[in-house]
Amino acid sequence: MLRLKNIAVARGGVPVLSGVSFALEAGQALILRGPNGSGKTTLLRTIAGLQPALSGEMEGAEDRVAYSGHADGLKAMLSVAENLKFWAAVYGQHDIEGALEAYALAPLSDRLAGTLSAGQKRRAGLARLMVTGRPIWILDEPTVSLDAATVGLFADAVRAHLGGGGIALLATHIDLGLEAQVLDVAPLRAMPADLHGASDEAFL
Amino acid sequence: MLRLKNIAVARGGVPVLSGVSFALEAGQALILRGPNGSGKTTLLRTIAGLQPALSGEMEGAEDRVAYSGHADGLKAMLSVAENLKFWAAVYGQHDIEGALEAYALAPLSDRLAGTLSAGQKRRAGLARLMVTGRPIWILDEPTVSLDAATVGLFADAVRAHLGGGGIALLATHIDLGLEAQVLDVAPLRAMPADLHGASDEAFL
Amino acid sequence: MSLWEYANPVKFLALSARVQPVAWAAALTGIVVGLGWGFFGTPDDFRQGSTVKIIYIHVPAAWIAINAWIMMLIASLIWLVRRHHVSALAARAAAPVGLVMTVIGLLTGAIWGQPMWGTWWAWDPRLTSFLILFLFYLGYIALWEAIEDPDTAADLTSVLCLVGSVFALMSRYAVLFWSQGLHQGASLSLDKEENISDVFWIPLVISIAGFTLLFIALVLYRTGTEISLRRARALAVRLDKEL
Amino acid sequence: MIALLLRDLRLALRAGGGFGLGLAFFLILTVLVPFSVGPQSALLASIAPGVLWLGALLACLLSLDRLLALDYEDGTLDVLATAPLPLEAALAVKAIAHWITTGLPLVIAAPFLGVLLNLPPQGFGWLVLSLLLGTPALSMIGTFGAALTVGIKRGGLLLSLLVLPLYVPTLIFGAEAARRGAIGMELETPLLMLSGISLGSIALLPFAAAAALRMTIR
Amino acid sequence: MIALLLRDLRLALRAGGGFGLGLAFFLILTVLVPFSVGPQSALLASIAPGVLWLGALLACLLSLDRLLALDYEDGTLDVLATAPLPLEAALAVKAIAHWITTGLPLVIAAPFLGVLLNLPPQGFGWLVLSLLLGTPALSMIGTFGAALTVGIKRGGLLLSLLVLPLYVPTLIFGAEAARRGAIGMELETPLLMLSGISLGSIALLPFAAAAALRMTIR
Amino acid sequence: MMPDLGKYSIYVLGAYGATLFLMAGLVLLTLRRGRAARAALKRIEEETARNGKG
Ligand code: HEM
Ligand SMILES: Nc1ncnc2c1ncn2[C@@H]1O[C@H](COP(=O)(O)OP(=O)(O)OP(=O)(O)O)[C@@H](O)[C@H]1O
Ligand SMILES: Nc1ncnc2c1ncn2[C@@H]1O[C@H](COP(=O)(O)OP(=O)(O)OP(=O)(O)O)[C@@H](O)[C@H]1O
Ligand SMILES: [Mg+2]
Ligand SMILES: [Mg+2]
């Protein structure tokens, strides 16, 4: 379960979103939408614990989150399998077969990650989530560079994760064909009136 | 006019596409499609002159191409306007107003490029094409990270470019709403039989 | 009213606006009187000749250089513990002043060294420690300049200041171990017998007071500058939030 | 943690991973010294311990910018920061990996380069010992510096600028120990101080480094 | 071309752009030398010209990895390679910008650091002259090295390795000229050779660098 | 009025001159930067006031 209450987030010291509240039960997914620069990335990084929230309460995220941002966290000089094995070990897991299978990576598993095409790299990055064993997936524009077939694989993987009692939180501009709640962050833009806790608030 | 005849291209010494032929007249656009790893990026880089073709003939590309790849060519420490002015100067142009307007960048023009969100950065990267004054635009997944409204701006910019007698060549996985020819590169995958000119051919 | 009230930028500016004219005037007076008296009104030393006049610059500058770093250390700690913006900005404002004072101390020392020791520079522990302090100032300022986000920059420079202070102290011991000195020992201590004579002492103390006041005035003004920049940034952000 | 150590070592060994580059830099630098100060062997012998220590320090320094920056760029640090491993431990492990791939080879190579610079025979043992005691501090201090500068594009030179002053005590005691060893003087004090700096750095700096890193990636 | 030069200079001046970092590195390195070889001023005076030349060379070297790598990473080089500007000219301009932001400050700072190392008074002029004649070669050779290694992630150390051997002749003649100047010997030959190396590099290396760059980005 | 500095006059004058130069430079740069910052702030404060929020 993941619950946010009245969260406000800032980027570069500037508040971008405020009053973000939602609750996700096991098996639910939420898709964040909003125009460029509206603060989706910032919100996701906050939930993942990479930056502090300005204000508000958050519950259920600590130590249960697997985050995948714009960069993939792959080492160019390690093969796909080595990369996945490393991340599995960091999260105390062992098995990477399921992840390789889910993204049809078996034929690429011995290729160095640095020689993959943009979409193949993304696929390997997404497979990393499956070896973390974490219940909450946080995904920032996961389908960038993916072709239609792979977007399908990704949707299947998310569905399987939800089916197993997981939670998923995605920011995306395109339609993934997932049955999920949608949160449009555009109306939540931080207004000058509610910029409480911004790091530069003291200067106003 | 841009004409390719029987072009074969390689990546990392391995041929990926062969027998690519097409011709584009002024005012025409071509969209490359194909699954991940099929060789779209490789083909575009070849046409832009960043790597040599293995074999085949190409006409009309030399010194008439403006290329925009996965990276945007923006300096994080220069403002958006400074970035565009620099590129305009390199291409012997002066005016950047049109480019700023086409992508609604005016409010961002004094922001350092490094502080933009993913989509805003991409917008500035696309605006760069407009200050080159080059007739052939080569775009590799131009709409990555863009929201729907900005994809519309981009489509308008391409249409205006075509209307002015330009040519555009795009690789993309999503639908841009452009009236353009489509080339699916999947069937053109290089077969072992037609590996002429691969850099390791001498060892066969 | 608690002292921490002045950690609010607005309150700080108000206070600083009241203090500053006094500080500037007193600083100017102290420096003019101290240096003027020292330069025009004191006799030559029987051994050092007229070069002794350099002391009225050299010692105050060295004193400020060292104490500016200590002030930055305290301000950094306050920022890390209580997150008062003014203290972070004051540390930032003080660093260039400390750097310039270090340079003045080094330069006047070098100029003094030529007639006294026959060399511009020697690897004496005091001189060497001072040079290391100069390097710490450089690194600290470079880190401030290199980081875009002001709060992150404040955090990181504060950590650097803490860790750097520990290492600066260790360097001092290392340097003492490594080389024996030529440089004067402390001659300004109040409890010691052989204090330098009063003719030199009084203008020196006035000059030190003048330099200290100048430091205070400069830091107040510069902190105000930093606050203005932050405030302008905060307002600008809220204005062109139109994306 | 073991996984992280193994991965770092494996990456260092892969082509382009940088293993041995520090060593090669050390070698070239030592070779350049006679070119720049002239070939008189007495002069070289008297500066040999210092040059070798300085060379080791620079070789270490130059490999620092790979320590965290690569992991930052490809997003690994973001993931590590949200992983179950405490960040302090991760950074300590990275410092250890850096020492194994850079410091240790330098320690082993130093005597051979000592020959090139006419280091007196009795000095070899002390040189190696002082490097062995001192290079762990260099790696750990360097990790702290890398954590401070990791978000900065090509912060390599800035990193050097921040780290070099921090290296001063280590260098003074290390070079002093090696120099005294070479001329047969008593050298217990500098060796003790050197060990003290190393132990202190290893015990405390991972916390400072993790704090700095949390600030940079946020 | 002017636009490129201005842009590079402006980038260097911006916060975090690295202007002055090379200088600071030079300073710190010079300071570290006495720490490692000991504080005796006669010894320091005899190695001063060599140390200053070596320090200038290293400061130059360390700033090389910003020369092209940043432009590579953000895609600027791809665009420059397809732009109307000949790549040779672009690289020559980048070398000039590098010299202005790195080499020139080093030349200006060298005499002050000479004081720290007890350089004999008569040596100052010659030191500055030799650096003035030699640093352009360092920038140009460095640009060539940067073009060779640009595709390599964090290739900084590899770059150093490739470039250092190429720097050897410049270093030998430069340091020799400065040393002879310091002790009042005849120094026409090394100065002539130094000028020759600089002129030759500036005339020919842009072509080699452009050829290398075309290969690396393909 | 000028005291007799003897054979050391260049050193003493040099020290005083260099110091005055550096301190004047520091103060002038400080004031210049401060003026610019305060002016920029004023401009933006006026703009904020015009936009009727803040
Ligand atoms: C570049 C060279 C020099 C440097 C970096 C230097 C640095 C210092 C420092 C750091 C202090 C300590 C101030 C304090 O404790 O508050 C000091 C004090 C002093 N220096 Fe120097 N110094 C240099 C050269 C000289 C020379 C050449 C002379 C005279 C021959 C000299 C005479 C003094 C005196 C008389 C004091 C006052 C000592 C005291 O009252 O504590 N210094 N200097
Ligand atoms: N370092 C920074 N300093 C100041 N503002 C920043 C900085 N980084 C991002 N911003 C601003 O913060 C806002 C939120 O950015 P964020 O990356 O969260 O947007 P996003 O919703 O993820 O957009 P996109 O869809 O384009 O990825 C944007 O307006 C952006 O311009
Ligand atoms: N350095 C390399 N060495 C060997 N093979 C490579 C290298 N780089 C890419 N490849 C392979 O070349 C093929 C073509 O890659 P390319 O990047 O052109 O694909 P793409 O069509 O652009 O794919 P995407 O849609 O994922 O961006 C891929 O199969 C990829 O794995
Ligand atoms: Mg985003
Ligand atoms: Mg591609």
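Numbered from 1 within each chain, the chains take letters A, B, ... in sequence-line order. Below, all heavy atoms of this structure are taken into account, side chains as well, without hydrogens, waters or symmetry copies.
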_Side chains of E:Val37 and D:Leu54, heavy atoms from C-beta outward: is any pair under 4.5 Å?_
no
*Given the options D:Val51, D:Val31, D:Leu62, D:Leu27, which has more heavy-atom pairs under 4.5 Å with chain E than any of the others?*
D:Leu62
*Taking the side chain as C-beta and beyond, is there a heavy-atom pair between E:Leu58 and D:Leu29 under 4.5 Å?*
yes
*Would you indicate whether D:Glu188, at its atom CD, is surrounded by more than 12 heavy atoms from other residues, nucleotides or ligands within a distance under 6.0 Å?*
no
*Given side chains that start at C-beta, do those of D:Leu57 and E:Leu32 come closer than 4.5 Å, heavy atoms only?*
yes
*Contacting region of E:Leu52 [heavy-atom separation from chain D under 4.5 Å]*: neither
_Which atoms of E:Leu61 are under 4.5 Å from chain D, going by heavy atoms: the side chain, the backbone, both sets, or neither?_
side chain
*Measure across D:Phe35 and E:Leu171 and return the closest heavy-atom pair with its distance rounded to 0.1 Å.*
CB-CD2, 4.3 Å
*When rounded to the nearest 0.5 angstrom, what distance separates CG in E:Leu43 from OG in D:Ser46?*
4.5 Å
*Might you point out which heavy atoms bring E:Ala175 and D:Ser36 nearest each other, and give the distance in Å?*
CB-O, 3.6 Å
_More than 12 heavy atoms of other groups within 6.0 Å of D:Met215 CE_ = yes
*Identify the heavy atoms of E:Pro39 and D:Arg179 that sit nearest to each other, and give their distance.*
CD-NH2, 4.3 Å
